Amino acid sequence: MDKLEFSIASEIGNIVKVENFIDYFSDVYNVEPDVFGKISLCVINAILYGNKLDSSKHVKFSVYEEEKRLFVAVKDEGEGFDYSYIPDPTLPDNIEKDAGRGLYLMKTLSDDLIFEDGGSKVTMVFNL
């Protein structure tokens, strides 16, 4: 199967379109239902933090399967971030901090997490 691609403007109202796209490719690739929420989290992070809710910017998605692994790439038009260190928000020093929870969850919930383009592209890998 070829790569599936989808793009939306960075508006919270477009989350339903993303959910529909996730539903679609979940059927195509026979993805387990629990993966849906994991992917949604990554997309919401890109809209809120990557593009800072700037509706003139877009979030692009690409999805493909390779060797029984699902690759879900989310690319925003933001400046990126330092992904070399993802703090554990459950540690006492980080409990009060607002930042980093989404990334930590994405890292924890996916089987692999790949950063590209200075952090503006994140690919979550799920074993099927």
Side-chain angles (χ1 to χ4, degrees):
M1 160 125 330
D2 292 331
K3 185 184 294 188
L4 299 175
E5 297 182 314
F6 179 68
S7 179
I8 59 158
S10 289
E11 299 171 359
I12 288 295
N14 282 335
I15 294 296
V16 70
K17 292 178 183 177
V18 173
E19 290 172 345
N20 290 337
F21 179 64
I22 296 170
D23 272 339
Y24 171 72
F25 75 72
S26 292
D27 286 343
V28 170
Y29 296 113
N30 296 315
V31 177
E32 295 294 322
D34 66 318
V35 173
F36 182 97
K38 298 172 184 180
I39 296 167
S40 294
L41 173 66
C42 184
V43 171
I44 292 168
N45 260 1
I47 292 171
L48 292 178
Y49 301 109
N51 287 344
K52 298 179 172 63
L53 284 174
D54 182 343
S55 61
S56 70
K57 294 182 178 181
H58 287 77
V59 178
K60 296 178 183 164
F61 311 89
S62 59
V63 181
Y64 63 96
E65 180 184 359
E66 186 176 281
E67 298 175 6
K68 299 193 184 208
R69 298 172 77 199
L70 184 70
F71 293 78
V72 181
V74 179
K75 169 94 173 105
D76 61 53
E77 295 178 350
E79 298 173 5
F81 63 96
D82 178 11
Y83 52 84
S84 61
Y85 172 69
I86 300 175
D88 181 344
T90 64
L91 294 176
D93 288 350
N94 298 329
I95 289 286
E96 300 294 323
K97 294 181 182 174
D98 289 334
R101 286 175 173 33
L103 280 175
Y104 177 79
L105 285 172
M106 288 186 317
K107 182 179 180 187
T108 303
L109 297 174
S110 64
D111 294 303
D112 195 9
L113 198 59
I114 303 164
F115 296 98
E116 298 174 86
D117 299 335
S120 65
K121 180 178 181 183
V122 178
T123 301
M124 292 178 296
V125 183
F126 299 97
N127 296 328
L128 296 176

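Every value quoted in this text rests on a predicted model; they were computed, and no experiment measured them. Position 1 is the first residue of the sequence; numbering continues from there.
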Checklist entry - Excluding sequence neighbours, so at least two apart, what forms salt bridge (charged side-chain N to carboxylate O under 4.0 Å, His left out) with Lys75? => result Asp117
If you round to the nearest 0.5 Å, how far is [atom2] of [Y] from [atom1] of [X]?
X      : Y     : atom1 : atom2 : answer
Lys121 : Lys60 : NZ    : NZ    : 11.0 Å
Asp76  : Phe61 : CG    : CZ    : 10.0 Å
Ser7   : Asn14 : OG    : CG    : 9.5 Å

Item to check | Results of side chain to side chain contact (heavy atoms under 4.5 Å, CB included) for Ser55 - residues two or more places apart only | outcome: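 Residues passing side chain to side chain contact (heavy atoms under 4.5 Å, CB included) with Ser55: Glu11.
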Checklist entry - Got a sec, which residues hit side chain to side chain contact (heavy atoms under 4.5 Å, CB included) with Glu66, two or more places apart in sequence or on another chain? => result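 With sequence neighbours excluded, Glu66 shows a side chain to side chain contact (heavy atoms under 4.5 Å, CB included) to Tyr64, Phe71, given in chain and number order.
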Item to check | Minimum heavy-atom distance between Gly78 and Asn51, given as atom pair plus value | outcome: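 Reported closest heavy-atom pair: N-OD1, 3.1 Å.
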Item to check | Minimal non-hydrogen separation, Lys17 against Ile8, with atom names | outcome: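 In this case the closest contact between Lys17 and Ile8 is CB-CG2, 4.5 Å.
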Checklist entry - Are the side chains of Phe21 and Leu4 in touch, meaning some heavy atoms are under 4.5 Å apart? => result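 SC-SC contact between Phe21 and Leu4 confirmed.
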Item to check | Side-chain heavy atoms of Phe126 within contact of Val31, under 4.5 Å | outcome: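 Answer no - side chains too far apart.
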Checklist entry - Counting heavy atoms not belonging to Glu79, are there more than 12 under 6.0 Å from its CD? => result no
Checklist entry - Got a sec: does the NZ of Lys57 have more than 12 other heavy atoms crowding it under 6.0 Å? => result yes
Checklist entry - Going through the checks in order, is the side chain to side chain contact (heavy atoms under 4.5 Å, CB included) test met by Asp54 and Ser10? => result CA-CA 6 Å; Asp54 182 343; Ser10 289; 5.6 Å; no
Item to check | Short side-chain to backbone donor-acceptor contact, Asn127 and Arg69, under 3.5 Å | outcome: no
